[in-house]
Amino acid sequence: MRFVVTGAAGFIGSHLCDRLLAEGHDVLGIDNLLTGSRANVAHLEGHPRFRLLVHDVCEPLELEPPVDGVLHLASPASPKDYLRYPIETLDVGSIGTRRMLELARRHGARFLLSSTSECYGDPLVHPQPETYWGNVNPVGPRSCYDEAKRFAEALTMAYRRVYGLRTSIARIFNTYGPRMKLDDGRVVPTFLDQALRGAPLTVYGDGSQTRSFCYVSDMVEGLWRLLLSEEPGPINLGNPAEISVLDFAQRILELTGSPSRIEFLPLPEDDPKRRQPEIRKAREVLGWEPRVSLEEGLRETIAWFRRHPAWGG
Ligand code: UDP
């Protein structure tokens, strides 16, 4: 089959391309390289079944058939990136999603939307099941991302209802692993970069806020199973092992053997206080759950960052 992957030069997108190619499919990767990096797909250069098209999905696009699936992952995803590019983030979630839904409709293709746990905002329900409607500040600094993804979900459901498009929505929780940009501002590459340089680890607030970190191979397995299913979602994909940011910083110090100290900085506005996916639906419908422990995943990621000291995207 031939799949279109938007955001192919991004962190999760590039790993998903690897998986589709390994399953024997053809992949057309699309990326405008705003926050993605060619380095993430450099190993695929010359691959007979892969091509990277540098293109903004908000612009019109005609493709020759066949297109069997459109996997829409394009978007700035790190708070630092979407705070820097709020309008581009709103555009790709709205206009870009509309264009990719149209592409799927014209070709009778399957459509998969990568959505986010940010749809739940700063959640008042814990852990977060898919049935929870969320607690999003519609005008705060994070709203460009949260509301773009909520709109993208609504648009995807409208195409399903109006045109019978075969759609799926994945709500992706914090994911980490090789190919994250060292400078993308997210907590995993930031702490690893600081620990490996011996610089202070910058914990925001008092570090009592929690996240649940999923290793990228588990995430890709979940997305792959979702693609093979007929499940419309939304379906949470993430690792339910919850940890506070302060404990996470301490784990990083232990695993890297770093002499760095911890420095406390102000908490960013609207930073969600707790986040943990309820994954019962993914277990039941996809037979999926994460397999890689935080320690194992961090060891892999640390080894990768040590091998790629200049990885800056
Ligand atoms: N964080 C932190 N120090 C950093 C970067 C992030 O304490 O240098 C915190 C951030 O405030 C949040 C958590 O780590 O509570 C996860 O942040 P990230 O940007 O990775 O993703 P988010 O889950 O907020 O989208």
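Counting starts at 1 for both ligands and their atoms, following the listed order. In this chain, numbering begins with 1 at the start of the sequence shown.
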**OP:** Flag the pair Y204 / F264 as yes when their ring centroid distance falls below 6.0 Å, and as no otherwise.
**Re:** no

**OP:** Look at the aromatic rings of F173 and Y120 and report parallel, tilted or perpendicular, splitting at 30° and 60°.
**Re:** tilted

Subject >> Salt bridge flag under 4.0 Å for residues R38 and D31 >> reply: no

Subject >> First-shell residues of ligand 1 [heavy atom, distance under 4.0 Å] >> reply: P79, E118, R142, N174, G185, R186, V187, T190, F191, T202, V203, Y204, Q209, R211, V245, P268, D271, R275

Subject >> Ionic contact status for E118 with R142, cut-off 4.0 Å >> reply: yes

Original post:
Quick one: CD1 on I252 to CG on L298, what's the gap to the nearest 0.5 Å?
Top reply: 5.0 Å

**OP:** Please determine if E295 and R299 form a salt bridge, counting it only when a charged side-chain N lies under 4.0 Å from a carboxylate O.
**Re:** yes

